[in-house]
Peer 1: 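The structure's right below; bear with me while I get my questions together.
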Amino acid sequence: MPTRIVILGGGTGGTLTANRLRAALAPASAGITVVDADDAHVYQPGLLFVPFGLTHPEDIVRPRRRQLHDGIDFVEAGIDRVDIDARTVHLENGTVLEYDVLVVATGAVLVPEETEGLTGPGWMDDVFTFYDLTGASALEARLATFDHGRIVVNVVDMPIKCPVAPLEFCFLADWYFHKRGVRDDVQIVYATPLDGAFTKPEASKALAGLLAEKGVELITEFNTGEVDGPGRRLVGYDGREVPFDLAVVVPLHGGAAYVGRSEGLGDELGFVPADERTLQSKVRPEIFVIGDAASVPASKAGSVTHFEGEVLVENIVRFVAGESLDDSYDGHANCFIETGFHKALLIDFNYATEPRPGRFPGPVGLPLLKESRLNHLGKLMFQWFYWHALLPGRDIPGVGTAMPVAGKKTEGVS
Ligand SMILES: Cc1cc2nc3c(=O)[nH]c(=O)nc-3n(C[C@H](O)[C@H](O)[C@H](O)COP(=O)(O)OP(=O)(O)OC[C@H]3O[C@@H](n4cnc5c(N)ncnc54)[C@H](O)[C@@H]3O)c2cc1C
């Protein structure tokens, strides 16, 4: 009988895993089923551009089914729970799927209702998020009429998807209001729970410098306890208050709700503990985890999901064959950081190495930790790459799982 592989989630990780597995395993040896609650695959990095009118919702959404290669079954249904002892997935429509191998790829979900007041009065009037399609579209309309006052961009707490996206929002807001000729009338503030602009010291220094250069005020170690919409202020747990005319909030993130209903599957946040180098879950050997759903010390980012995918698929093939697993995922992550005025920065790092200056992927590649037009073009091109190379599971020469070191400066970096 063919091995029954069930993949939960048809987003970035679920789709690329299914396509890579289909190429690696013949249909006679493995059946592959992908489950997702809907048939709308959102290119999430595009959400950053929607509020500024630089892209539109219809340009960043495609049907999930069409991203999956022939020979992969797609089930459109919500997941109710997983029984890890019985090796079954219970769907909300009553269907029960049996599996030999399970891949958890259900990402991270936004839980704005967990922050007092966030979804209360003012939500979608003066308080927005750009982290989903509804919020990003509503914010576009609100920004278009905003010509003076104080915008506060706030991360409620970590972990969040793409930790640089709120910084990119600040940089683009600076560009957007300049372009509209009202920058002097708009204050931009970035309030973060971190002790700097970003998590990694070297990148944090560079990004804090850019915020200052662009006149964006940085408020650190701010833990949002309450969003007071009518009073237009964020209230921190330490009693500090941050007034706003318009708040752009990145809400708390958690694992998908069904994880909490699946005894023994997840941690207290709903993420699934996994070995950080093999991506095999710590819960059961036949359960693997990819992307934002995984509790591993890597960033929650599409690039991480992409790089994890190569090792994960190799390990599922090895697991099915009864072989020992490949432990080569090194935490590789990279990210274009849009900085406005048609420029972007690029960072590349892994579990052991923080972002360094230099070039990527080799000595004559894109500049690292430095603004450039080339990086901006890279950021724009990434959408094509996402639909046509990353999701179909194509290998990209020079850009693979292992973090390249050839172009990186390793000395003389303070
Ligand atoms: C604003 C923004 C900007 C970003 N920019 C970048 C960037 O520039 N670079 C980068 O690398 N990354 C970026 N990311 C992050 C990137 O999009 C994610 O890290 C990546 O999509 C994670 O892939 P995933 O497969 O783990 O999760 P997802 O792609 O989110 O897929 C999870 C899937 O699970 C499904 N699901 C969840 N629960 C259930 C359920 N109960 N039943 C059925 N289906 C369910 C969902 O419908 C979804 O399709 C950004 C994210 C955001 C929000």
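Order of listing sets the numbers, starting from 1, for every ligand and every atom in it.
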Peer 1: What atoms of ligand 1 come closer than 4.0 angstrom to any heavy atom of Ala256?
Peer 2: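 The list of qualifying atoms is 38 (N).
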
Peer 1: Can you confirm if the aromatic rings of Tyr131 and His253 lie within a centre distance of less than 6.0 Å?
Peer 2: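 Aromatic pair counts; centres sit under 6.0 Å.
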
Peer 1: How many angstroms lie between atom CZ of Phe341 and atom NZ of Lys179, to the nearest 0.5 angstrom?
Peer 2: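 If we round to the nearest 0.5 Å, Phe341:CZ and Lys179:NZ are 10.5 Å apart.
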
Peer 1: For atom 10 (C) of ligand 1, find the nearest protein heavy atom and state the residue, atom name and distance (0.1 Å precision).
Peer 2: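 Nearest protein contact, heavy atoms only, for atom 10 (C) of ligand 1 is Gly302 N, 3.3 Å.
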
Peer 1: Which atoms from ligand 1 have a heavy atom of Lys300 less than 4.0 Å away?
Peer 2: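 In order of numbering, the contacting atoms are 19 (O).
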
Peer 1: Could you find the nearest protein heavy atom to atom 22 (C) of ligand 1 and give me its residue, atom name and distance?
Peer 2: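 The closest one turns out to be Asp292 OD2, 3.2 Å.
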
Peer 1: For ligand 1, indicate whether the residue Thr305 contacts it via side chain, backbone, both or neither (heavy-atom separation under 4.0 Å).
Peer 2: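 For Thr305, only side-chain atoms sit under 4.0 Å from ligand 1.
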
Peer 1: Quick check for you: to the nearest 0.5 Å, what is the distance between Thr224 atom OG1 and Asn154 atom CG?
Peer 2: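 Answer for the OG1-CG pair, Thr224 versus Asn154, is 3.5 Å.
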
Peer 1: So how far is it from Leu390 CG to Gln67 CD, rounded to the nearest 0.5 Å?
Peer 2: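 Nearest 0.5 Å value for the CG-CD distance: 11.5 Å.
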
Peer 1: Has ligand 1 got any nitrogen or oxygen that is less than 3.5 angstrom from a nitrogen or oxygen of Lys161?
Peer 2: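 No, Lys161 has no N/O under 3.5 Å of an N/O on ligand 1.
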
Peer 1: Mind checking whether Asp36 has an N or O less than 3.5 Å away from an N or O of ligand 1?
Peer 2: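 In this structure, Asp36 places an N or O atom under 3.5 Å from an N or O of ligand 1.
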
Peer 1: Going by atom type alone, with no hydrogens or angles, which donor-acceptor pairs under 3.5 Å involve a side-chain atom of residues 282-292 and a protein atom two or more places apart or on another chain?
Peer 2:
residue	atom	partner	partner atom	Å
Arg284	NH2	Asp85	OD1	2.3
Glu286	OE2	Arg87	NE	3.2

Peer 1: Can you find an N/O atom of Thr12 closer than 3.5 Å to an N/O atom of ligand 1?
Peer 2: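 N/O-N/O distance under 3.5 Å: yes.
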
Peer 1: Could you tell me whether some N/O pair between Asp38 and ligand 1 is separated by less than 3.5 angstrom?
Peer 2: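 By distance alone, the answer is no.
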
Peer 1: List the closest protein heavy-atom neighbour of atom 25 (O) of ligand 1: residue, atom name, distance to the nearest 0.1 Å.
Peer 2: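 Protein heavy atom with the smallest distance to atom 25 (O) of ligand 1: Gly13 N, 2.7 Å.
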
Peer 1: Nearest to atom 31 (O) of ligand 1, what protein heavy atom do you find, and at what distance?
Peer 2: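 Answer, as residue, atom name and distance: Gly11 CA, 3.4 Å.
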
Peer 1: What about Phe336: any of its N or O atoms under 3.5 Å from an N or O on ligand 1?
Peer 2: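 No: no nitrogen or oxygen of Phe336 is under 3.5 Å from one in ligand 1.
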
Peer 1: So, is Ala37 polar-close to ligand 1, with some N/O to N/O distance under 3.5 Å?
Peer 2: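 Yes, there is a polar N/O contact under 3.5 Å.
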
Peer 1: Using a 4.0 Å cutoff against the non-hydrogen atoms of Gly291, which atoms of ligand 1 qualify?
Peer 2: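 With Gly291 as reference, the close atoms of ligand 1 come out as 26 (O).
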
Peer 1: How many angstroms lie between atom CD1 of Ile60 and atom NE2 of His41, to the nearest 0.5 angstrom?
Peer 2: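 Taking CD1 in Ile60 and NE2 in His41, the distance rounds to 10.5 Å.
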
Peer 1: Any atom of ligand 1 sitting under 4.0 Å from a heavy atom of Glu92?
Peer 2: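 Glu92 does not count as a contact of ligand 1 under the 4.0 Å cut-off.
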
Peer 1: Identify, for atom 27 (O) of ligand 1, the protein heavy atom at the shortest distance, and state residue, atom and that distance.
Peer 2: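 It is Gly107 CA, 3.5 Å.
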
Peer 1: Tell me which protein heavy atom sits closest to atom 37 (C) of ligand 1, plus the residue, atom name and distance to 0.1 Å.
Peer 2: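 Checked against all protein heavy atoms, atom 37 (C) of ligand 1 sits closest to Thr106 O, 3.4 Å.
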
Peer 1: Below 3.5 angstrom, do we get any N/O pair linking Gln44 and ligand 1?
Peer 2: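 Right, the criterion is met.
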
Peer 1: Which residue holds the protein heavy atom closest to atom 9 (N) of ligand 1, what is that atom called, and what is the gap in Å?
Peer 2: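 Result for atom 9 (N) of ligand 1: Cys335 SG, 4.1 Å.
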
Peer 1: Please report which non-hydrogen protein atom sits nearest to atom 42 (N) of ligand 1, along with the residue it belongs to and the distance in Å to one decimal place.
Peer 2: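 Atom 42 (N) of ligand 1 sits closest to the protein heavy atom Ile79 N, 2.9 Å.
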
Peer 1: Could you check whether any heavy atom of Ala77 sits closer than 4.0 Å to an atom of ligand 1, since that is the contact criterion I want to use?
Peer 2: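 For ligand 1, residue contact (heavy atoms, under 4.0 Å) with Ala77 is present.
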
Peer 1: Does a side-chain N-to-carboxylate-O contact under 4.0 Å join Asp174 and Arg183?
Peer 2: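 Yes, charged N to carboxylate O under 4.0 Å.
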
Peer 1: Does any N/O atom on Asn334 come nearer than 3.5 Å to any N/O atom on ligand 1?
Peer 2: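 No: no nitrogen or oxygen of Asn334 is under 3.5 Å from one in ligand 1.
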
Peer 1: Starting at CD of Gln280, measure out to CG of Asp327 and round the result to the nearest 0.5 Å.
Peer 2: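 One finds 11.5 Å between CD of Gln280 and CG of Asp327.
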
Peer 1: Measure the spacing between CG of Leu102 and CZ of Arg4 and express it to the nearest 0.5 Å.
Peer 2: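 Rounded to the nearest 0.5 Å, the CG-CZ separation comes to 12.0 Å.
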
Peer 1: Checking Thr15 side chain against Thr12 main chain: does a donor-acceptor pair fall under 3.5 Å?
Peer 2: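 No, Thr15 side chain to Thr12 backbone: no donor-acceptor pair under 3.5 Å.
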
Peer 1: Under 3.5 Å between any N/O of Arg64 and any N/O of ligand 1: does that happen in this structure?
Peer 2: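 The answer is yes, given that Arg64 and ligand 1 share an N or O pair closer than 3.5 Å.
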
Peer 1: Is a salt bridge present between Asp36 and Arg64, judged by a nitrogen-to-oxygen distance below 4.0 Å?
Peer 2: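 Between Arg64 and Asp36 there is a salt bridge, with a charged N closer than 4.0 Å to a carboxylate O.
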
Peer 1: Looking at ligand 1, does any of its N/O atoms fall within less than 3.5 Å of an N/O of Cys162?
Peer 2: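 Not met; the criterion fails.
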
Peer 1: Give a yes or no on whether a salt bridge exists between Arg65 and Asp39, defined as a side-chain N under 4.0 angstrom from a carboxylate O.
Peer 2: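 Yes, charged N to carboxylate O under 4.0 Å.
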
Peer 1: With a cut-off of 4.0 Å, which atoms of ligand 1 are near a heavy atom of Tyr258?
Peer 2: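 Under 4.0 Å from Tyr258, ligand 1 has these atoms: 41 (N).
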
Peer 1: Suppose I only count heavy atoms of Lys379 and a 4.0 Å limit; which atoms of ligand 1 are within that range?
Peer 2: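 Those qualifying, in numeric order: 8 (O).
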
Peer 1: Do the charged groups of Asp70 and Arg22 touch, with an N to O distance under 4.0 Å?
Peer 2: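 Salt bridge absent between Asp70 and Arg22.
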
Peer 1: Is a salt bridge present between Glu217 and Arg150, judged by a nitrogen-to-oxygen distance below 4.0 Å?
Peer 2: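 Result for this pair is yes, salt bridge flagged.
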
Peer 1: Using ring-ring contact (aromatic ring centres under 6.0 Å, His included) as the criterion, point out the one residue from Phe146, Phe169, Trp175 that pairs with Phe52.
Peer 2: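 With Phe52 as partner, Phe146, Phe169, Trp175 yield a single ring-ring contact (aromatic ring centres under 6.0 Å, His included), made by Phe169.
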
